[in-house]
K.L.:
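Quick one: structure below, then a few questions.
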Amino acid sequence: MRQEFQGHGASRGSALGRARVRLPHALEVAEERIGHDQVEAELARLHVAIDTVRNEMHTLRDRLHGALAHEVGEFLDLHTLLLDDPELLHGLDELIRSGHYAADYALRLQRDRIASVFEAMDDAYFRSRVDDIDQVIGRIHAALHRRDHDTSGVAGEILVTDNVAPAELAQLQAQGVMAIVTAAGSTLSHSAILARSLHLPLVVGTAQALLKINDGDALVVDGATGTVILEPNAEDLRSHRTRTRELARERKQLHRLRREPTRTLDGVDIKLYANAESREDVAEAHSLGAAGVGLYRTEFLFLQRNELPDEDEQFRVYRDVVLGMTGRMVTIRTLDLGADKADKTGLALRDEPNPALGVRGVRLSLARDGLLETQLRAILRASGYGPVRILVPMVSSAEEMRRVRELLNRVAADLRRQGQEIADDVPLGAMIEVPAAAIALPGYINTIDFLSIGTNDLVQYLLAVDRNNEALSELYTPLHPAVLRVIRDVIRLAQARGKPVAVCGEMAGDASFAPLLLALGLEEFSLHPATLLELRRAIRSLDLSVLRKRAPALLRARDRAGIEAWLRG
Ligand code: PEP
Ligand code: MG
């Protein structure tokens with residue numbers, strides 16, 4: 001029967017496909033016992049599920065190809081090994097045979113038993129293996145409940161799950177997942193950012209989805225509006241087709257703007273830089289005429305792997321970006337691991353009581369021996385191939401920038417002594433995303449070369465609203481007088497001191513906010529290439545002098561409604 005769920009659109013695109021439900025990793029299974037005479041049947045049920053999962057993983061491995069095959073393959077091999085682990089299998093059998101537990105509850109007990117052994121280990125690498133145990137057990141649990149029907153199809157799969165980690169997105173896409181629907185999550189999470197980068201439609205915050213959708217159901221997902229339709233009717237299918245056609249038409253029209261300047265109606269040129277996470281992003285940025293890369297998030301290089309990338313590996317990746325932009329400026333951000341970007345190497349702390357306020361960004365880089373030095377060496381070596389700037393995330397004090405600057409100078413001197421070719425001038429900039437960094441800016445702006453305002457975190461910290469907490473999504477908005485004032489002050493100060501300043505948070509990529517940011521004085525935007533042409537189209541339709549005249553009224557707005565009224569005007 002047709003049902004409609006409303007979530008939040010986190011990554012645009014429309015998809016029609018077959019549902020694949022992945023139950024939450026933490027198994028919420030109530031204790032359930034079985035009779036003596038049911039033991040053999042329960043054991044058989046469990047082993048059919050385990051065999052199903054084993055076959056799925058082998059099929060998946062065979063289907064992998066392309067750039068991600070190696071990394072994803074390692075993942076799958078590890079999971080296959082766990083699946084054959086005698087300790088796991090024997091323990092499960094014992095729980096059913098001697099404890100007379102139902103297979104579901106046996107899975108949960110065995111999961112908790114193994115997880116407690118791993119969690120007690122000192123070594124962070126082993127501790128992080130609990131995730132893999134959860135994924136394997138979760139897959140067996142899902143297989144136990146899968147309806148007996150053919151799950152292969154032509155339209156691909158739409159994954160319905162509780163939440164999705166940034167590290168698994170690329171893997172899911174490689175597996176053929178066409179869209180993702182999550183019960184939790186927010187449009188500002190790093191998973192959402194990565195989904196946009198992969199052009200993978202994503203709808204978050206549809207709590208009903210996990211309860212109502214079953215494997216094999218047909219779904220229509222609209223990643224722009226956040227609508228999910230279960231068992232679509234004829235009209236839904238028609239409008240899905242229309243929407244897909246409209247999107248294609250709009251894309252074609254936008255495409256014509258690739259070689260046009262980003263110039264306002266009154267003739268002012270605005271710079272559009274790209275946020276990039278992958279080689280594909282860089283290629284897209286270049287072909288759309290981005291002024292350069294305004295934010296290269298290096299942490300994605302550290303995710304989904306068990307060992308840190310060494311200097312040479314990092315150097316080759318950064319050099320690829322620089323060469324890919326053929327002489328346009330490339331802004332490489334130093335590692336911003338931590339919070340929801342947890343790696344598997346044990347670098348970022350796990351289980352911090354308050355990870356958004358924890359050891360993340362530059363704090364982590366400065367706390368781990370050699371980490372920042374290796375990264376700076378790699379970036380500086382890449383600067384021999386084209387213009388590069390270095391951007392530091394999560395700065396909260398002048399002291400942090402001073403320490404990075406000292407290290408940068410020392411590393412540059414070392415490299416020159418070693419005969420390496422590096423650029424004469426590699427500007428060093430600060431992300432302005434912690435309110436303290438914005439407020440204290442007059443005291444240290446002379447020590448930095450450029451600034452980039454990270455509104456994703458700035459909004460979170462200014463308003464004390466978790467960017468990933470779906471329950472607060474109504475409160476999470478840049479349309480707050482405090483946010484606008486801080487942005488305006490930072491832009492004004494930077495421009496008065498002749499320092500380039502951009503906004504690189506998701507806000508910059510939303511064309512509907514363009515009038516507001518232009519009114520606040522912004523001349524440089526950094527955004528994902530996916531919406532670059534839309535922003536260019538919006539800017540080309542705006543008159544900057546009119547907007548600047550209206551700026552005082554914007555700053556007088558007392559609340560969100562007032563700011564929205566200004567935007568409508
Ligand atoms: C930001 O906080 O706005 C930002 C660009 O950084 P990230 O989203 O990677 O935290
Ligand atoms: Mg940030």
Side-chain angles (χ1 to χ4, degrees), residues 10-11 165-167 169 185-198 202 204 272-278 281 285 293-303 331-343 348 355-365 389-396 400 429-438 450-469 476-480 483-484 486-487 490-491 501-510 513 517 522 524-532 535:
S11 172
L169 278 178
S186 103
T187 58
L188 262 296
S189 68
H190 287 103
S191 294
I193 293 172
L194 194 56
R196 291 192 277 276
S197 163
L198 294 167
L202 171 67
V204 300
L272 301 190
Y273 288 93
N275 292 354
E277 269 90 61
S278 64
D281 291 345
V293 169
L295 172 64
Y296 186 80
R297 289 183 166 98
T298 58
E299 51 274 13
F300 289 112
L301 231 170
F302 288 67
L303 299 173
T331 313
I332 300 180
R333 186 171 76 177
T334 61
L335 195 57
D336 187 17
L337 274 185
D340 66 331
K341 287 178 281 195
D343 63 323
L357 305 183
V359 186
R360 64 170 288 200
V362 68
R363 300 170 185 176
L364 183 73
S365 288
R389 309 191 290 186
I390 298 175
L391 181 59
V392 184
M394 288 298 294
V395 174
S396 59
E400 285 163 340
M431 289 280 294
I432 304 297
E433 51 186 343
V434 175
F450 69 99
L451 300 85
S452 196
I453 306 176
T455 46
N456 303 341
D457 278 311
L458 185 63
V459 170
Q460 140 162 292
Y461 296 127
L462 265 176
L463 306 184
V465 175
D466 182 346
R467 66 194 259 185
N468 296 314
N469 187 338
Y476 184 96
T477 171
L479 304 185
H480 188 293
V483 175
L484 301 195
V486 171
I487 294 176
V490 171
I491 293 173
V501 55
V503 168
C504 66
E506 295 304 291
M507 179 185 191
D510 187 332
F513 294 148
L517 288 171
L522 194 70
E524 296 184 11
F525 294 65
S526 189
L527 65 154
H528 191 270
T531 56
L532 193 138
L535 182 67

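Ligands are counted one by one from 1 in listed order, and the atoms in each one are counted from 1 as well.
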K.L.:
Applying a heavy-atom distance cut-off of 4.0 Å, which protein residues contact ligand 1?
P.N.:
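Answer by chain and number: His190, Ile193, Leu295, Arg297, Arg333, Asp336, Lys341, Arg360, Met431, Glu433, Gly454, Thr455, Asn456, Asp457, Arg467, Cys504, Gly505.
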K.L.:
Closest approach of Met394 and Ala356, non-hydrogen atoms and distance?
P.N.:
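That closest heavy-atom pairing would be CE-O, 4.4 Å.
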K.L.:
So which atom in Val395 and which in Ala430 form the shortest heavy-atom distance, rounded to 0.1 Å?
P.N.:
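Closest heavy-atom pair between Val395 and Ala430: CG2-CB, 4.1 Å.
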K.L.:
Looking at side-chain heavy atoms only, is the closest gap between Thr334 and Ile390 below 4.5 Å?
P.N.:
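Touching, per the 4.5 Å side-chain cut-off.
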K.L.:
Scan residues 453-464 for pairs that pass salt bridge (Lys or Arg N to Asp or Glu O under 4.0 Å), counting only residues two or more places apart or in two chains.
P.N.:
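Salt bridge (Lys or Arg N to Asp or Glu O under 4.0 Å) check on residues 453-464 returns Arg360-Asp457, Asp457-Arg467.
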K.L.:
How close do Glu433 and Gly454 get, heavy atom to heavy atom, and via which atoms?
P.N.:
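The answer is CB-O, 3.4 Å.
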K.L.:
So, using side-chain hydrogen bond (donor to acceptor under 3.5 Å, both in side chains) as the criterion, who are the partners of Ser365 when residues are at least two apart?
P.N.:
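side-chain hydrogen bond (donor to acceptor under 3.5 Å, both in side chains) list for Ser365, sorted by chain: empty.
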K.L.:
Looking only at heavy atoms, which two atoms of Ser396 and Ala436 are closest? And how far apart?
P.N.:
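Answer, listing the atom of Ser396 first, then Ala436: O-CB, 3.9 Å.
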K.L.:
Do Ile453 and Ile491 make a side-chain contact, defined as non-hydrogen atoms from C-beta onward lying under 4.5 Å apart?
P.N.:
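Heavy-atom side-chain distance check passes, below 4.5 Å.
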K.L.:
Heavy atoms, side chains only, cut-off 4.5 Å: are Leu364 and Val359 in contact?
P.N.:
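Answer yes - side chains close enough.
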K.L.:
Show all protein N/O/S atoms under 2.8 Å from the Mg ion (ligand 2), or state that there are none.
P.N.:
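Sorted hits: Glu433 OE1, Asp457 OD2.
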